[in-house]
Amino acid sequence: MRTATLGPAERVEALAAMAERELDVLVVGAGVVGAGTALDAVTRGLSTGIVEARDWASGTSSRSSKLIHGGLRYLEMLDFALVREALKERGLLLERLAPHLVKPVPFLYPLQHKGWERFYAGSGVALYDAMSLSSGHGRGLPVHRHLSRRNALRVAPCLKKDALVGALQYYDAQMDDARFVTTLVRTAASYGAHAASRARVIGFLREGERVVGARVQDVEAGAAYEIRAKQIVNATGVWTDDTQALIGERGQFHVRASKGIHLVVPKDRIHSTSGLILRTEKSVLFVIPWGRHWIVGTTDTDWDLDKAHPAASSADIDYLLEHVNTVLATPLTRDDVQGVYAGLRPLLAGESDATSKLSREHTVAHPVPGMVVVAGGKYTTYRVMAKDAVDEAVHALDQRVAPCVTEDTPLLGAEGYRALWNARARIAARTGLHVVRIEHLLNRYGSLTQEILDLVAEDPGLGEPLAAADDYLRAEIVYAASHEGARHLDDVLTRRTRISIETFDRGTLSARECAELMAPILGWDAHQIEKEVEHYDKRVEAERESQRQPDDLTADAARLGAPDIVPI
């Protein structure tokens, strides 16, 4: 296995290689399910390609609650199979597949009624822990504990005294969702998959009834490619119906989009050593630790407007603030909100009118020969969805294919991560970087951290933090463009880093510095640097304007005021 570099040259080579000879499997869509499918297929020995119309994880998979969890609320719906499956996957990710990216996180559940609620909620959390342990992969997390009101307020002094009579504390896990997907794509590429972002499927190739390939346009250079494949997997999430429409066939199911928005606030606005989980009339509300910040989410509303750029309205923001403030002693205000992001959940339509009750199960179908569709599901169970999709594709291949091995295939950066973590003080002393910086790098890149440190060794200036976003080193921006497939400023500020939601300026003060760091890698001249910065500024302003609008319709119109980046 080689460490895959997803730079500009590798992207061109990947497109050429995919067009040169027929693939066994072509995956359309590089969210978490598409990326997982590419990894599953290539590690079974299949020649594999993956194309993405925009950037890795640019849709749903970069805009989630960033939790790897069993779904405690699905226990209440008696969906035991889904919870058991998700808890097993949570354990695998924590222990074996991605310990550098997936971390334990505690949650406090305030109890508001004496007696019955502690028994009812406590039974649910006890079952949750028992199911985790019985999966064989649950020993990495502490079990839940019951707290009196006094002890709960020690853990979370931010809570109003009259908002609880006691509490339960339990553990789940979290990750940076966009970084996780980028790592999945790179892992697939390291095993030989061909991967290209900014490569849009504009049509499918047919031979009679059968789909035999895809017409793919290089959005950056304008060239078109015909990529032939024995099986195509449509893993386009909320775009599933649109992709199916390109073959002129009705799907066997439909995917509805449910919008969820999240707020990001500074750590000092909520005094707690634990995340919080609160009930609302429709769902649950999370307050999730996120470095020097908290993420507050989420909403759950039907969305049938622009899928590429779902907009958060003023009403959405007010809804979250109103609900979280019911338990906070010091209420949050609009001025406390550093960042806002909106994402769309792909839900299988037909089960119910209310999106919060639509199925989080996934479905795999073979609507026409040569085309497999996978949709629905939860982020946490991406690996199971990928396995099922490849299993379905394999049925139609005229060859013996090995079974899935992704349960035992660590992602890039996992191998050796714990040894490097133990040696972090020594690495800091050797490189001259503070140990906190080394910890930050290890938790983002794992054992690939050495590649970042090599950049700093070549150019010590890259070991400096960004001027307006000092959580990140300048080297990380260069690395995003040279190794991780970042093609535009938006890719770096929104997904390779989280500067767009972690700073009050939403990344505008870092835009020029980052563009100038990316320019030599991507061949930008002064004119393109200006274009990138101007586009990013307009995007931020359009998002701010959408968040001032009263409803979805006006918010969507405001967000669409900023066009997508013009290709180079």
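All figures in this text were calculated on a predicted structure; none of them were measured in a lab.
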Q: Could you note down all residue pairs passing salt bridge (charged side-chain N to carboxylate O under 4.0 Å, His left out) where residues 5-21 supplies at least one of them, sequence neighbours left out?
A: Arg11-Asp218
Q: Would Glu439 and Arg424 pass as an ion pair if we require N to O under 4.0 Å?
A: yes
Q: Could you list the residues that satisfy salt bridge (charged side-chain N to carboxylate O under 4.0 Å, His left out) with Glu513, not counting sequence neighbours?
A: Arg474
Q: Not counting sequence neighbours, which residues clear side chain to side chain donor-acceptor pair (under 3.5 Å) with Ser65? List them please.
A: His262
Q: With sequence neighbours excluded, tell me which residues meet side chain to side chain contact (heavy atoms under 4.5 Å, CB included) with Glu392.
A: Val364, His366, Val372, His395
Q: Please list, chain by chain and in numerical order, all residues satisfying side chain to side chain donor-acceptor pair (under 3.5 Å) with His440, sequence neighbours excluded.
A: Glu476
Q: With sequence neighbours excluded, what pairs up with Arg292 under the side chain to side chain contact (heavy atoms under 4.5 Å, CB included) test?
A: Asp470, Asp471
Q: Once side chain to side chain donor-acceptor pair (under 3.5 Å) is applied, do any residues pair with Gln399, and if so which ones, sequence neighbours excluded?
A: Lys230
Q: Parallel under 30°, tilted from 30 to 60°, perpendicular over 60°: which one fits the rings of Trp421 and Tyr417?
A: tilted
Q: Could you work out, with salt bridge (charged side-chain N to carboxylate O under 4.0 Å, His left out) as the rule, every residue matching Asp172, not counting sequence neighbours?
A: Arg90
Q: With sequence neighbours left out, what residues match Arg498 under side chain to side chain donor-acceptor pair (under 3.5 Å)?
A: Asp176, Asp177
Q: Which residues pass the salt bridge (charged side-chain N to carboxylate O under 4.0 Å, His left out) test with Glu484, sequence neighbours left out?
A: Arg179
Q: Would a distance-only check, ignoring hydrogens and angles, find a side-chain to backbone donor-acceptor pair under 3.5 Å from Ser58 to Arg54?
A: no
Q: Who passes salt bridge (charged side-chain N to carboxylate O under 4.0 Å, His left out) against Lys259, sequence neighbours left out?
A: Asp316, Asp552
Q: So, are Asp491 and Arg496 salt-bridged, with charged N and O less than 4.0 Å apart?
A: no
Q: Are a donor atom and an acceptor atom from the side chains of Arg559 and Ser546 found within less than 3.5 Å of each other?
A: no
Q: Run the side chain to side chain contact (heavy atoms under 4.5 Å, CB included) test against Arg383 and tell me which residues pass, sequence neighbours left out.
A: Glu89, Leu92, Leu97, Cys404, Thr406, Glu407
